[in-house]
Amino acid sequence: LSSAKAPKYTYAKLDSLKAGSVVNVYGVVVFFKQPFKSRGTDFCSSLKITDHSNEKIGCTIFCEKLEDHPKIFRNGDIVRMHRVKAQVFNKSITLVNTFGFSVVTFDGVKGAPVEPRTSSRSFHFDPDDQRTVEELRSWAASQALFASVTSTVPLSAVQPKAYFDLTCQLLAKAPVDTTCTLLRVWDGTRCPHTLLKVIVEPHVTEGQLSFSKERENLIADVLVYDNHVEVARKLKPGVFLRIYNLRAIAGSSTVPGLTRSQLQVDHLAFHLHGGTSYGRGIGILPDNKKNVICSSAAAEGWMFNDEHFSSVGWCLCSERSCGHDMQKVTLSEVKRSGLGRVHHVRAQLKAYEPHRLHEALKLYCSKSLTVYLLTQLMFEGKTKDVILLMGNNPQLLESIKAKNISKEISRLWSRNPSIIKSTKTPISWYLTGSTLEEMCQLMASYQNIIPVRASGGHLSLFDLSAPFLFRGRKRYYGSEINLTH
DNA sequence: GTTTAGGTTTAG
């Protein structure tokens with residue numbers, strides 16, 4: 001016994017499962033449902049997995065406690081299950097958990113850190129597991145495993161009539177009747193459609209009762225029905241959710257318990273219908289998923305202007321979890337430490353720019369997950385610190401800052417109002433006074449050209465009717481672009 | 001020593 005080896009698990013390929021055997025398996029998730037209450041004593045998770053063998057195997061997991069269920073957030077996630085029993089149902093092999101069952105889940109994204117998701121206090125994990133996860137990720141990336149399933153869509157891209165998954169934060173909730181609950185959520189993006197607003201009694205609302213008009217425009221009212229009401233009852237405002245198989249419906253809607261006059265009809269409504277078909281359900285995201293919302297909010301140029309800084313709003317943007325412990329420092333310490341460091345601060349908002357989003361140029365670098373907001377102040381030369389920053393790309397930031405662009409533009413512009421040359425920064429500049437033909441000639445030398453004009457001795461961006469950026473042959477309208485290095 | 005569900009859309 002003293003020489004007993006550490007336990008070594010062996011994993012069955014999914015095309016070699018024999019009825020009645022108890023096995024350990026690895027698989028890529030191609031379908032899943034959030035755990036739902038069964039008619040028996042347990043919650044039930046339903047999932048389908050596959051592996052290199054291309055065999056797709058349905059799995060049914062019964063556990064009394066939700067935390068013992070597989071922590072699956074999306075198709076492509078990788079699960080490792082210990083002690084599942086193969087049995088035949090409808091002439092196919094399925095896997096059901098059996099005594100001593102445990103499950104660990106991993107993100108399926110190639111190159112992402114291999115971080116086990118489990119509530120088990122101790123679990124086996126060795127270099128072979130690391131390798132297996134990475135192999136499954138690579139294999140899955142080369143396959144079209146779930147091309148037709150619904151995908152996570154931000155509110156800004158929601159299509160009427162479509163089913164989709166929504167990643168969002170719960171701001172408030174209220175019961176509508178015994179079969180329907182209202183969830184007020186946002187994801188930091190603005191839906192182009194007018195949103196249905198459900199009016200409920202204030203005294204039954206949990207969470208913030210009212211929001212500023214600006215924020216209200218970002219909030220989607222989601223009605224969840226039947227079996228989802230029980231799940232919704234346990235949710236606390238502030239929690240981050242993924243709502244699966246949500247349906248956006250345009251046109252008149254009626255809601256039980258409410259008269260039609262309580263609804264603004266003909267608006268886009270969000271319904272989570274009863275049942276669990278197509279994975280319909282509500283999943284609670286772990287803290288490290290908050291970044292998803294923070295970065296989408298930032299990429300959208302999300303700003304809020306509430307008189308009362310709510311704890312929920314605060315949470316959305318300030319409590320970024322960076323996956324490491326870091327002490328909070330004061331703003332003066334940040335200033336002293338110079339460029340290129342990452343800090344945690346907690347501060348009170350005193351003022352913000354821009355008040356109108358089209359006044360800002362947003363540069364979003366998907367590689368470094370960094371958002372740069374170049375504000376109107378920069379063009380007017382009113383400030384030295386022209387860039388409001390998030391993220392961690394000191395090189396790019398420094399190159400912009402070191403150039404002191406507004407000063408440089410003003411200087412060069414006074415000498416030669418036609419062209420300003422700036423080769424080091426990721427942006428080149430084009431000024432008023434040139435024709436389109438001249439600008440097209442400049443395209444050969446400069447990758448990115450932002451048209452600006454002079455007014456009142458200052459430079460300013462054109463309004464939204466003009467392209468804000470010329471990149472090669474492409475013209476970008478609006479105010480956003482992905483920078484590629 | 002093993003009931004529950006067994007993917008496949010509400011119809012508000």
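Each chain gets a letter, A, B and so on, in the order its sequence line appears, and its residues count up from 1.
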Legend entry - Any A:Arg39 side-chain nitrogen or oxygen under 4.0 Å from OP1 or OP2 of B:dT3: no
Base, sugar-phosphate, or nothing for [X], non-hydrogen atoms under 4.0 angstrom?
{"X": "A:Arg280", "answer": "base"}
{"X": "A:Gly274", "answer": "base"}
{"X": "A:Asp226", "answer": "base"}
{"X": "A:Gln87", "answer": "base"}
{"X": "A:Lys48", "answer": "base"}

Legend entry - A:Ser277 (side chain) and B:dT8 (base): donor-acceptor pair under 3.5 Å: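 Per atom types, no contact qualifies.
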Inset, instruction - Would you state whether a donor and an acceptor, one from the side chain of A:Lys37 and one from the base of B:dT4, lie under 3.5 Å apart? - result: no
Legend entry - A:His82 versus A:Tyr11, side-chain donor and acceptor atoms under 3.5 Å: yes
Inset, instruction - Would you mind checking if A:Glu216 and A:Arg184 are paired as a salt bridge, meaning a charged N to carboxylate O distance below 4.0 Å? - result: yes
Inset, instruction - Determine the interatomic distance between C1' on B:dT2 and the same-named atom on B:dG6; round to the nearest Å. - result: 15 Å
Inset, instruction - Look at the side chain of A:His228 and the backbone N and O of A:Gly275, then say whether any donor-acceptor pair between them is shorter than 3.5 Å. - result: yes
Inset, instruction - State, with a plain yes or no, whether a side-chain heavy atom of A:Leu17 is found less than 4.5 Å away from one of A:Leu95. - result: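 Heavy-atom side-chain distance check passes, below 4.5 Å.
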